[in-house]
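Just below is one structure, and these are the notes that go with it.
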Amino acid sequence: MKAIGYRIPGAIDRDDALVDIELERPRASGRDILVQVAAVAVNPADTKVRRSARPEDNGWKVLGWDAVGTVAEVGPDVTAFQPGDEVFYAGALGRPGANSEFHIVDERIVGHKPKTLSNAEAAGLPLTAVTAWEMLFDRLDVRKPVPGAANAILIIGGAGGVGSIAIQLARALTDLTVIATASRPETQAWVKDLGAHHVIDHNQPLAAQVEALGIGAPAFVFSTTETHRHLKEIIDLIAPQGRFGLIDDPDVLDVVGFKRKAVSIHWELMFTRSLFETPDMGEQGALLNEVAKLIDDGRIRTTVTEVLKPINAENLRKAHATIESGRAKGKIVLEGF
């Protein structure tokens, strides 16, 4: 089968950073399903792994943690899917990725594809939707108020993939006032269109901008990027006893400043459940089905902004370079082998 992979981690501008390869088609066993991949999305996780992770046993490292496709084969213990089902999912960090014609994934982290979306539109949703959902409802517990705080959430990096879906989930499923950050006219317009009540510029001091809104100190802050750069401002602006969540990887994060306000700190990694096969691993498949229903009911929408065809090394290198530029808006998808 066709696939895209690499042998040596490093910069994306190398000719061998990502290459077209042929691999043996895998077989489904246990609770795994074999999916014929129709479309994949690219996330910051792909670029981070490509820069640092070496393949095992001098083999090929295949990336890709967002996929849409059709079930081609099921393992003997599978109960939720059958061949022919259309599915979408983000996969597992400890297994080969979905940048291949056929891909193995555990049924517990798979959802039924939204009926109203194309393959490309659906491919941009799983990883960001799981990340945003788990942060909002499992980590920050935004449905539980913070005494005395504004019933509001600040989403830093609102125009990125995770921010774009977090805005929509917060609007669709809570009564939170949503404040999103964006710095360019096109990204500011994007987050407003997604439903943000207020937009502020993350290139300017955040605390003064939040204070100027006149709504009070927000109960929740969700930082998707550049947390180290904004940390002092976050400490200043968040409400006492507020809850702060982040998903990026600062080299150093000095959280002592939060102590005075008794702020709780929550890290989200959507791969945790699959990495450790936690007892609630199936919650990811369940929430993807909830996301599909929200999509089909017209309550949220896809965040895909660019589709490249076909799925090959050349287009995947382009997508990685765009992600690494820090100027991506929404999600980039590749479709069709």
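In this chain, numbering begins with 1 at the start of the sequence shown.
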* Under 6.0 Å from the six-membered ring centre of Trp60 and within 45° of its axis: does the NZ or CZ of Arg7 meet both? -> yes
* Any residue meeting side-chain contact (heavy atoms from CB on, under 4.5 Å) with Glu314, in chain and number order, not counting sequence neighbours -> Asn312, Arg317, Lys318
* Decide yes or no on side-chain contact (heavy atoms from CB on, under 4.5 Å) for Ile234 and Ile156, but give the supporting numbers first. => CA-CA 10 Å; Ile234 295 167; Ile156 297 172; 3.6 Å; yes
* Asked: So, do Pro218 and Val210 sit near enough that their side-chain heavy atoms are less than 4.5 Å apart?
  -> yes
* Structure fact -> Residues joined to Val256 in its hydrophobic cluster, side chain to side chain under 4.5 Å directly or through other members, sorted by chain and number, are none
* Asked: Counting only heavy atoms not in Asp16, do more than 12 sit closer than 6.0 Å to its CG atom?
  -> yes
* Asked: Going through the distances and angles, do Lys309 and Glu335 end up as a salt bridge (charged side-chain N to carboxylate O under 4.0 Å, His left out)?
  -> CA-CA 5 Å; Lys309 298 180 182 181; Glu335 183 177 24; 3.6 Å; yes
* Structure fact -> Closest non-hydrogen contact found for Val333 with Ala41 is CG2-CB, 3.9 Å
* Asked: Restricting to pairs with a member in residues 172-192, which pass salt bridge (Lys or Arg N to Asp or Glu O under 4.0 Å), not counting sequence neighbours?
  -> Arg184-Glu186
* Just checking, any donor-acceptor pair under 3.5 angstrom between side chains of Asp201 and Ser183? -> no
* **4.5 Å side-chain heavy-atom contact, Asn43 and Asp66** => yes
* Answer with yes or no whether the side chains of His320 and Arg50 bring together a donor and an acceptor at under 3.5 Å. => yes
* **Gap separating the CD1 atom of Ile165 from the CG atom of Leu127, nearest 0.5 angstrom** => 11.5 Å
* Structure fact -> For residues 247-265, the salt bridge (Lys or Arg N to Asp or Glu O under 4.0 Å) pairs (sequence neighbours left out) are Lys48-Asp249
* To do: Verify salt bridge (charged side-chain N to carboxylate O under 4.0 Å, His left out) between Arg108 and Asp106, making sure each step is shown before the conclusion.
  => CA-CA 5 Å; Arg108 289 171 288 181; Asp106 189 299; 2.8 Å; yes
* In Å and rounded to the nearest 0.5 Å, what is the CD to OG1 distance from Glu121 to Thr116? -> 8.0 Å
* Structure fact -> dist Phe244:CZ -> Arg139:CZ (nearest 0.5 Å) comes out at 15.0 Å
* Start with the C-alpha gap between Lys61 and Glu56, add the side-chain angles, then the distance that decides, and say whether salt bridge (charged side-chain N to carboxylate O under 4.0 Å, His left out) holds. => CA-CA 8 Å; Lys61 184 75 172 177; Glu56 296 180 2; over 6 Å; no
* **hydrophobic_cluster_shared for Trp65 and Tyr6, side chain cutoff 4.5 Å** => yes
* In this structure, are over 12 heavy atoms from other groups packed under 6.0 Å from Asp280 atom CG? -> yes
* Heavy-atom pair with the smallest gap, counting every atom of Ile295 and Pro114 -> CG2-CB, 3.8 Å
* Going by the ring-ring contact (aromatic ring centres under 6.0 Å, His included) test, which pairs reach into residues 137-180, not counting sequence neighbours? -> Trp133-Phe137
* Asked: Can Lys2 and Glu101 be counted as an ion pair, charged N to O under 4.0 angstrom?
  -> no
* Asked: What pairs of residues pass the ring-ring contact (aromatic ring centres under 6.0 Å, His included) test when at least one of them lies in residues 176-233, not counting sequence neighbours?
  -> none
* To do: List for me each residue that meets salt bridge (charged side-chain N to carboxylate O under 4.0 Å, His left out) alongside Glu283, sequence neighbours excluded, and say none if there are none.
  => none
* Asked: Among the clusters formed by ILVMFWY side chains lying less than 4.5 Å apart, do Met1 and Val35 turn up in the same one?
  -> no
* So do the side chains of Asp20 and Ile4 get within less than 4.5 Å of each other, counting heavy atoms only? -> yes
* **Connected via hydrophobic side-chain network under 4.5 Å: Ile265 and Ile155** => no
* **Residues in salt bridge (charged side-chain N to carboxylate O under 4.0 Å, His left out) contact with Arg27, at least two apart in sequence or another chain** => Glu73
* Kindly work out whether a path of hydrophobic side-chain contacts (I/L/V/M/F/W/Y, heavy atoms less than 4.5 Å apart) joins Leu173 to Leu287. => yes
* Asked: Got a sec, which pairs hit salt bridge (Lys or Arg N to Asp or Glu O under 4.0 Å) with one end in residues 76-92, sequence neighbours left out?
  -> none
* To do: Step through the shown structure and confirm whether more than 12 heavy atoms of other residues, nucleotides or ligands are within 6.0 Å of CD on Glu24.
  => no
* Asked: Side chains of Asp32 and Glu107: closer than 4.5 Å at any heavy-atom pair?
  -> no
* **All side-chain hydrogen bond (donor to acceptor under 3.5 Å, both in side chains) counterparts of Thr305, not counting sequence neighbours** => none
* **Ile153 vs Thr177 side-chain heavy atoms within contact, under 4.5 Å** => no
* Do Phe88 and His112 have ring centroids that are under 6.0 Å from one another? -> no
* Partner set under ring pair (Phe, Tyr, Trp, His ring centres under 6.0 Å) for Phe102, not counting sequence neighbours -> none
* If you take all heavy atoms of Thr187 and Ala159, which pair is closest and at what distance? -> CB-CB, 3.7 Å
* Structure fact -> Quick note, salt bridge (Lys or Arg N to Asp or Glu O under 4.0 Å) partners involving residues 212-235, not counting sequence neighbours, are Glu226-Arg229, Lys232-Asp236
* To do: Could you go through the side-chain contact (heavy atoms from CB on, under 4.5 Å) check for Ile247 and Thr131 one step at a time?
  => CA-CA 8 Å; Ile247 58 172; Thr131 300; 3.9 Å; yes
* Nearest-0.5 Å distance that lies between atom OG in Ser164 and atom CG in Leu169 -> 11.0 Å
* To do: Drop me the distance from Thr272's OG1 to Glu277's CD, to the nearest 0.5 angstrom.
  => 13.0 Å
* Is it possible for you to say whether Leu316 and Leu23 belong to one hydrophobic cluster, with membership spreading through side-chain heavy-atom contacts below 4.5 Å? => no
* Could you state the interatomic distance from CD1 (Ile179) to CG (Leu154), rounded to the nearest 0.5 Å? -> 5.5 Å
